[in-house]
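None of the values given here were measured: they were computed from a predicted structure.
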Amino acid sequence: MPTRFAPISSEENVWVFDASLPANATLQMLLPLRPIWPGFAIDAVFYAGVCWVMLAAPGVVVRWRRRRRGRCPACGYDLAGLDACPECGGGR
């Protein structure tokens with residue numbers, strides 16, 4: 001299937017992709033060559049936040065559960081009657 005790219009503006013920042021379809025129809029699709037900065041920045045911040053939450057949330061939940069059960073939040077050692085953890089030196 002032959003494909004063809006051709007610039008459609010004098011700035012040459014947007015190109016047209018033409019592909020022949022089986023029914024002799026033509027599909028034209030604009031391909032941006034430069035990012036649209038406000039949208040790119042918003043997407044980058046959003047997806048970075050999603051990734052950060054996915055990576056940080058499990059550790060936060062584990063430490064919270066350990067504290068509730070009376071264990072050291074860092075290593076999980078039982079702190080019944082102790083002020084500091086004898087395993088890692090962490091406190092409550």
Please report the shortest heavy-atom distance between [X] and [Y], naming the atom on each side.
X     : Y     : answer
Val53 : Pro58 : O-CD, 4.2 Å
Arg63 : Pro73 : CG-O, 3.3 Å
Cys75 : Glu87 : SG-CB, 3.9 Å
Arg71 : Leu79 : C-CD1, 3.8 Å

Ile36 side, atom CD1; Asp43 side, atom CG - distance, nearest 0.5 Å
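It comes to 10.0 Å.
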Can you confirm whether Pro86 sits close enough to Tyr77 that some side-chain heavy atom of one is under 4.5 Å from a side-chain heavy atom of the other?
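When only atoms from C-beta onward are counted, Tyr77 and Pro86 do touch, with a gap below 4.5 Å.
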Does Ala74 offer a backbone N or O that forms a donor-acceptor pair with the side chain of Arg66 under 3.5 Å?
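It does hold such a pair.
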side-chain contact (heavy atoms from CB on, under 4.5 Å) involving Val50 - partner list, sequence neighbours excluded
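Once residues adjacent in sequence are excluded, the partners of Val50 under the side-chain contact (heavy atoms from CB on, under 4.5 Å) criterion are Phe46, Met54.
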